[in-house]
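Atoms considered below: every heavy atom in the structure, side chains included; atoms not considered: hydrogens, waters and symmetry mates. Index from 1, following the sequence. It should be emphasised that the depicted structure is a prediction, and the values quoted were computed from it without experimental measurement.
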Amino acid sequence: MDNVKNVLIHCRVVSRDSMELLNFQEHVLCEIACQCSLNIVGVSKIISVDNSNGHYQINAMNHAIREQKVDAVLVYTKERISTDKNILDEFMMFCDMCHVQFVTYKQLKDALNL
C-alpha cells in the first residue's frame, strides 16, 4: 500500500431496502482511506441484484483503471464487485493487468492493525 495514492471506492448492495448498508460501506471505506492518507478520487454506489459488470459505475471504474487515474480500488468485500466468481476473477485480473491494487476493507484494516 506504500505506492498507493489515489483510490476509487466501490460500494454495492442488492436491494433498496439496504440503503443504510450502502451508506455504511461508503462511510467506513472513506474513513479508513483518510486514516491511510489516501486521496479518494471517486465513489461508486450500486443497488442491484444483477452480477454483471454492465453498470455505468463499473464501466466508469474500468475507464479510470485503464487510464491509470487510480492506484487502487477499495471495496468492503470482494463480493461487492460481483458474487459471480468468473466476473470477480476477470475484474481482479483486469486490475492486475493495469497495475491497480484491489483492496478490501479487512486488508486495509489489518494493515493498520485496527
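With contacts defined as side-chain heavy-atom distances shorter than 4.5 Å, the pair L74/I32 qualifies. Counting only heavy atoms from C-beta outward, the side chains of I9 and S44 never approach each other to under 4.5 Å. The closest side-chain heavy-atom distance from V14 to S48 is not below 4.5 Å. Side-chain contact between T77 and T104 is absent, with no heavy atoms from C-beta onward closer than 4.5 Å. A heavy-atom distance below 4.5 Å is found between the side chains of I65 and V70.
Hydrophobic clustering (ILVMFWY, side-chain heavy atoms < 4.5 Å, transitive): L29 and F24 are in one cluster. Note on V41 and F102: same hydrophobic cluster, where clusters join Ile, Leu, Val, Met, Phe, Trp and Tyr whose side-chain heavy atoms are under 4.5 Å apart, directly or indirectly. A continuous path of ILVMFWY side-chain contacts below 4.5 Å connects V100 to M97, so both sit in one hydrophobic cluster.
A pairwise comparison of heavy atoms in S82 and L88 identifies O-CB, 3.9 Å as the closest pair. Of all heavy-atom pairs spanning Q25 and R80, the tightest one is OE1-CD, 3.3 Å. Closest of all the heavy-atom pairs between K45 and V43 is CG-CG1, 4.1 Å. Closest of all the heavy-atom pairs between Q35 and L112 is OE1-CD1, 3.8 Å. Across every non-hydrogen atom of I47 and S15, the tightest pair is CG2-C, 3.6 Å.
E67 places no side-chain N or O within donor-acceptor distance of the main-chain N or O of A64, the cut-off being under 3.5 Å. The main-chain N or O of C98 is found under 3.5 Å from a side-chain atom of Q68 such that the two form a donor-acceptor pair. Counting only distance, with no hydrogens or angles, the side chain of N6 and the backbone of D71 share no donor-acceptor pair below 3.5 Å. Between the side chain of S18 and the main chain of L21, no donor-acceptor pair closer than 3.5 Å is present.
Taking the six-membered ring where tryptophan is involved, the planes of Y76 and Y105 are essentially parallel, since the angle between them stays under 30° and well short of 60°.
Within a 6.0 Å radius of CD in E20, other residues, nucleotides and ligands contribute 12 heavy atoms or fewer. Within a 6.0 Å radius of NZ in K78, other residues, nucleotides and ligands contribute 12 heavy atoms or fewer.
For the side chain to side chain contact (heavy atoms under 4.5 Å, CB included) criterion with I81, the lone passing option out of R12, M61, E90, M92 is M61.
To the nearest 0.5 Å, atom CG of residue D89 and atom CE of residue M93 are 6.0 Å apart. For the atom pair CG (L108) and CG (L38), the distance works out to 6.5 Å, reported to the nearest 0.5 Å. Atoms CD1 and CD, on I40 and E26 in that order, are 8.5 Å from each other to the nearest 0.5 Å. With rounding to the nearest 0.5 angstrom, the CD atom of E31 is 11.0 Å from the SG atom of C36.
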Point to revise | From CA spacing to verdict: side chain to side chain contact (heavy atoms under 4.5 Å, CB included), N39, V7 | key: CA-CA 6 Å; N39 180 39; V7 65; over 6 Å; no
